[in-house]
Protein chains: 2
Amino acid sequence: MTPIRARSTVVEAIRPPEPCVACEARVCSVCNALHPSDLDRLSAVATSFGVESGRTFIEEGALAEFFFNVTAGTAKLFKLLPDGRRQITGFASVGTFLGLAVSTTYSFGAEALEPMRICRFQRARMRDLLDEFPVLERKLLEVAAAELVAAQEQMLLLGRKTARERLASFLVARAASLCPLPDCNNRRPRNQQRVPLPMTRGDIADYLGLTIETVSRTLTRFRAEGMIDIPNASEIVIQAREALESLATGLR
Amino acid sequence: MTPIRARSTVVEAIRPPEPCVACEARVCSVCNALHPSDLDRLSAVATSFGVESGRTFIEEGALAEFFFNVTAGTAKLFKLLPDGRRQITGFASVGTFLGLAVSTTYSFGAEALEPMRICRFQRARMRDLLDEFPVLERKLLEVAAAELVAAQEQMLLLGRKTARERLASFLVARAASLCPLPDCNNRRPRNQQRVPLPMTRGDIADYLGLTIETVSRTLTRFRAEGMIDIPNASEIVIQAREALESLATGLR
DNA sequence: CGGGTGCCTTGACCCAGATCAATCCGCCCG
DNA sequence: CGGGCGGATTGATCTGGGTCAAGGCACCCG
């Protein structure tokens, strides 16, 4: 309700937030590094707020005042060229920690794909918290290292993979991210796995360095080849995971 | 002289190394985070060794036993697809810290472009060191965050920039990396700046997601347009930095 | 000093994916 | 129920950069 900053990207701010101990997103976020008994220290510096779908809540180049932690929903992270060309560098979903910038300004923008709930920390206060809990800093380093590995993988995709390989990689990665646990119920059939795509074809294109048309055509062709099913535009069903996986890894 | 591991990628190993206090690379590396009086702790776990030009000293997929710190020379870091397609994810020069992998295996390979000297730390021992010196861990987090920002910039390049924009970005970035200091002597003329290119055209191509031929043609065209000079294949001279910079940022 | 080897450059041609241009489809709203 | 709207799909065509193919050039080594 009450916008916090001049450039209102915030829809609704609640303070105090639901306490961190009760946070459902905690298990899959950096906050999990803290001992439950220390969570009230975290709650003390966190502010939770909602973001409506389509809203930009991080502006590339703006003063980087906060760190963020996604507790619900999905966002796209992107960089822009002056003429409007866009590269989506990743999608942030529940548990994602955002804002690990070096500079004083954000090096990327973020826009909600779905209604979101986000936890926000003042950078300065976060610094204190890191001093207090080295285990949290270690966790952040782990997360950063993992993202770096993912970023390098994406460079390989963008620099050297064909359109078919890019789409296959994307679908396989999406499917895998649904269920990091080996025997999640969604994974049981392994094939027939339903993969939600909360982003538009345009977003997928901007993530994979392609055009909307190529994304659409390639998906249509995957369907014709029996590798996927497309019950509706925002969901695909994997029909031949092996085939997709070997395409994704460039095995032809 | 004495190869250390089975798969000998190491040319020469010296133990004890030149002590860290005397290391010329320290000022531009993470080791600088430590107080000089603590450097002997670092020396105690470090091993320095030389790598000859062309030698692969990190094998993608191999067990990640070490962290590395480059103290002299330059390496290319790359990922491969099964059919040999290659993406160079970065170049590591003096001060670069390598091996921030999450997994137990390296997610990229590294090959020396020039004769190198490298400092090596057992991962397990490094862990102890990080526990002992949180300031070192903080420094690593900073470095990782900076690399993440650079990786996102590279994704924008690979996904959305034209060949000309890619080469312009590359040359401008190389020129800037020569001299992080604002008034380094090399920078004085700002134009006429000599930029060494220790990598081959093939390496540049694999870094920018292009082919050798496109790299060569584009550089030739830059020369014809008066933006650069090419005294020899492994060096260019920037003649019109403004023009290159606006090309690099996509301003047409 | 000559021949070889590994880049690098240049030219001719080709093609994967971009661009341009209609539809189409699902969904919302009056 | 109809019409408008924002994606998504599909078709036709174009093109930037890839591929294939000759040389060229620098450097090394015998």
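What you see below is based on every heavy atom in this structure, not just the backbone, and it leaves out hydrogens, waters and symmetry mates. The sequence lines fix the lettering, A, B, ..., with proteins before strands; numbering per chain opens at 1.
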**OP:** Look at B:Arg86 together with B:Asp203 and state whether they make a salt bridge at an N to O cut-off of under 4.0 Å.
**Re:** yes

Original post:
Mind checking which nucleotides bracket the chain A contacts on DNA chain D, 5' to 3', with an atom under 4.0 Å from a heavy atom?
Top reply: D:dA8 to D:dA12

Original post:
To the nearest 0.5 Å, how far apart are CD1 in B:Ile238 and CZ in B:Arg174?
Top reply: 11.5 Å

Original post:
Using 30° and 60° as the class limits, which term best fits the ring planes of B:Phe68 and B:Tyr106: parallel, tilted or perpendicular?
Top reply: tilted

Original post:
Residues from residues 232-240 of chain A sitting under 4.0 Å of DNA chain C, heavy atoms only?
Top reply: none

Subject >> A:Arg160: side-chain hydrogen bond (donor to acceptor under 3.5 Å, both in side chains) partners, not counting sequence neighbours >> reply: B:Asp206

Original post:
What's the CD1-C1' distance between A:Ile230 and C:dG26, to the nearest Å?
Top reply: 15 Å

**OP:** Give the angle between the helix axes at the two ends of the helix from C:dC1-D:dG30 to C:dG30-D:dC1, taking five base pairs at each end and rounding to 10°.
**Re:** 30°

Any protein N or O atoms within reach of nucleotides 16-18 of chain C? Criterion: under 3.5 Å, listing atom names and distances.
{"residue": "C:dG17", "atom": "OP1", "partner": "A:Ala163", "partner atom": "N", "Å": "2.8"}
{"residue": "C:dA18", "atom": "OP2", "partner": "A:Thr211", "partner atom": "N", "Å": "3.4"}
{"residue": "C:dA18", "atom": "OP2", "partner": "A:Thr211", "partner atom": "OG1", "Å": "3.0"}
{"residue": "C:dA18", "atom": "OP2", "partner": "A:Thr214", "partner atom": "OG1", "Å": "2.4"}

**OP:** Check salt bridge (charged side-chain N to carboxylate O under 4.0 Å, His left out) between B:Arg221 and all other residues, then give those that pass, not counting sequence neighbours.
**Re:** B:Glu225

Original post:
C:dT10 C1' sits how many Å from B:Arg201 CZ, rounded?
Top reply: 14 Å

**OP:** Would you mind reporting whether B:Leu171 and B:Leu219 have side-chain heavy atoms less than 4.5 Å apart?
**Re:** yes

**OP:** Specify whether A:Phe91 and A:Phe170 have parallel, tilted or perpendicular ring planes, treating 30° as the upper limit for parallel and 60° as the lower limit for perpendicular.
**Re:** tilted

Original post:
Does the pair A:Glu24/A:Arg117 count as a salt bridge with the N-to-O cut at 4.0 Å?
Top reply: no

